[in-house]
Enquirer: 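Mind looking over this structure? Questions follow.
Here is how names work: the chains are called A, B, and so on, in the same order as the sequence lines, proteins then strands, and each is numbered from 1. This one's a predicted model, so the numbers in the text were calculated from it and none came from an experiment.
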Protein chains: 2
Amino acid sequence: MDSVILGFLGLGDMTGYEIKKRIGLSTRFFYNASYGSIYPSLKRLTEKGSVKADRVVENGRAKVIYSITDKGRQELVDWLKSPAPSVHIRYEFLVKLFFSQHLPRDRRVEMVSQHIAELQMGLEELRKVEAETRGRVDSCQLYTLNFGLDLIAFLVGWYENLLEQMEEEHGCE
Amino acid sequence: MDSVILGFLGLGDMTGYEIKKRIGLSTRFFYNASYGSIYPSLKRLTEKGSVKADRVVENGRAKVIYSITDKGRQELVDWLKSPAPSVHIRYEFLVKLFFSQHLPRDRRVEMVSQHIAELQMGLEELRKVEAETRGRVDSCQLYTLNFGLDLIAFLVGWYENLLEQMEEEHGCE
DNA sequence: GGGGACATGTAATTGGTTACATGATTAC
DNA sequence: GTAATCATGTAACCAATTACATGTCCCC
């Protein structure tokens with residue numbers, strides 16, 4: 001978590017509120033956070049000296065603008081260089097699909113159809129984000145945006161194919 | 001968590017140890033758990049009456065065989081029917097990629113190459129699981145197995161394409 | 001004057017991991 | 001005899017969410 005905050009501050013100075021908004025926009029699909037984790041994290045990082053907190057008043061509004069320090073920048077790079085704990089994807093729908101033999105077939109079909117619908121909504125949202133941000137972000141951020149787009153397309157295709165397969169079958173048994 | 005345990009017990013009676021082993025085999029890529037969460041969960045479920053615990057001794061080994069009750073079966077079905085909280089995938093490597101502008105280009109390429117290697121290892125492991133289980137599981141469990149296989153293939157392809165793109169570029173800026 | 005976005009934070013709780021503690025059986 | 005696997009559990013800890021608590025500015 002701390003590393004992700006550092007990552008955002010590496011893109012520019014911002015407030016806790018802004019970090020939350022940015023996470024909601026850009027990394028929501030593969031990482032999310034609430035104020036309850038952002039502010040304590042910011043506090044920790046400030047105490048450690050990885051970020052600097054500036055209390056300012058901007059058009060009458062008191063805010064705390066955080067910026068990354070050299071120490072923080074070093075920590076960020078170290079984290080980026082460290083090996084990511086091998087792929088660990090938590091995907092609840094798939095768990096349900098795994099156990100869905102306990103459901104009647106039509107219910108299972110419904111489940112998958114609904115999931116496809118959700119994915120497609122996600123795709124639309126991502127497209128909006130894309131329209132807003134393309135051209136205003138660096139290519140690394142673009143990579144992940146494209147990843148999201150391509151992944152959802154893959155998933156939709158996969159589940160559509162699954163639906164066809166299910167139609168042919170009698171059930172999970 | 002409790003629901004996942006119920007799911008496994010829905011497939012047959014087993015011990016906590018066996019549940020852990022099964023999770024490691026079949027759902028590891030999209031769900032994992034440790035003893036520290038399995039046993040307390042089993043305890044909770046027993047107290048609630050969703051599972052039944054039978055202390056037996058089998059070839060000198062004392063074990064507790066858990067089985068799902070009618071109540072538990074109902075809870076399992078309810079969970080399966082409940083809408084999954086819309087796709088929530090936590091993928092640390094992608095977060096790193098998102099912020100990787102702070103890394104030199106060759107380092108970034110290395111990062112992606114290593115991730116591909118890891119994915120390929122995962123693929124091999126999954127293939128082993130496939131060889132062992134295909135024919136011995138119901139088609140729902142097969143769905144998720146195939147999903148894993150197809151997903152990894154997609155990911156490898158995607159990252160390989162990314163590498164090519166990266167070669168052409170000068171950096172993330 | 002009221003709703004929405006801006007803005008910051010804490011407290012209680014949840015959900016989980018890691019590490020510890022223990023001990024039997026089996027196969028080499 | 002010793003290492004791997006089978007087997008069960010607890011305690012300390014950690015990371016994060018939810019809900020709460022508070023207040024301002026801006027636009028209608």
Enquirer: Mapping B:Tyr17 and B:Arg90 to their closest nucleotides on DNA chain D, which lands nearer the 5' end?
Expert: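 Here B:Tyr17 is the residue nearer the 5' end.
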
Enquirer: May I ask you to check whether B:Phe147 and A:Phe93 place their ring centres under 6.0 Å from each other?
Expert: no

Enquirer: Would you kindly give the CD1-to-C1' distance between A:Ile65 and C:dT8, to the nearest whole Å?
Expert: 14 Å

Enquirer: Is the distance from OP1 or OP2 of C:dT8 to the nearest side-chain N or O of A:Thr15 less than 4.0 Å?
Expert: yes

Enquirer: Strictly below 4.0 Å, heavy-atom distances to any atom of DNA chain D: list the hits from residues 36-45 of chain A, or just say none.
Expert: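 Those residues are A:Gly36, A:Ser37.
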
Enquirer: Please determine whether a side-chain nitrogen or oxygen atom of A:Arg55 lies at a distance below 4.0 Å from atom OP1 or OP2 of C:dG9.
Expert: yes

Enquirer: Going from CG on A:Leu80 to SG on A:Cys140, what distance comes out if it is rounded to the nearest 0.5 angstrom?
Expert: 9.5 Å

Enquirer: Check DNA chain D against residues 21-35 of chain A and give the residues with a non-hydrogen atom under 4.0 Å, in numerical order.
Expert: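 Those residues are A:Tyr31, A:Asn32, A:Ala33, A:Ser34.
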
Enquirer: State the OG1-CG distance between B:Thr15 and B:Leu42, to the nearest 0.5 angstrom.
Expert: 9.0 Å

Enquirer: Of all the heavy-atom pairs spanning A:Lys71 and A:Ser50, show the shortest one and how long it is.
Expert: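 Nearest pair, atom of A:Lys71 first, then A:Ser50: NZ-OG, 4.1 Å.
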
Enquirer: It should be established whether B:Asn59 places a side-chain nitrogen or oxygen under 4.0 Å from OP1 or OP2 of nucleotide C:dT26.
Expert: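 Looking at the OP1 and OP2 atoms of C:dT26, one of them is under 4.0 Å from a side-chain N or O of B:Asn59.
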
Enquirer: Go through the side-chain N and O atoms of B:Lys96 and A:Ser82 and say whether any donor and acceptor fall under 3.5 Å apart.
Expert: yes

Enquirer: Just checking, any donor-acceptor pair under 3.5 angstrom between side chains of A:Gln74 and A:Asp70?
Expert: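 No, no side-chain donor-acceptor pair sits under 3.5 Å.
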
Enquirer: Considering non-hydrogen atoms only, spot the tightest contact between B:Arg105 and B:Met166 and give its length.
Expert: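 Distance-wise, the nearest heavy atoms are NE-O, 3.0 Å.
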
Enquirer: For side chain to side chain contact (heavy atoms under 4.5 Å, CB included), just list the numbers for A:Thr133 and A:Leu145, CA-CA rounded to whole Å, side-chain angles, deciding distance to a tenth of an Å, and then say yes or no.
Expert: CA-CA 9 Å; A:Thr133 57; A:Leu145 188 59; 3.8 Å; yes

Enquirer: Before we go on, tell me: are the rings of B:Phe8 and A:Phe99 under 6.0 Å apart, centre to centre?
Expert: yes

Enquirer: Examine A:Arg90 relative to B:Tyr31 and say whether NZ or CZ is less than 6.0 Å from the centre of the six-membered ring and inside a 45° cone about the ring axis.
Expert: yes

Enquirer: Runs of at least three consecutive Watson-Crick or G-U pairs, both distances under 3.5 Å, are what I'm after; which ones involve DNA chain D?
Expert: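 Correct response: C:1-28 with D:1-28.
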
Enquirer: Of the candidate nucleotides C:dT8, D:dC6, D:dC26, which contains the atom at the shortest distance from the side chain of B:Arg61?
Expert: D:dC6

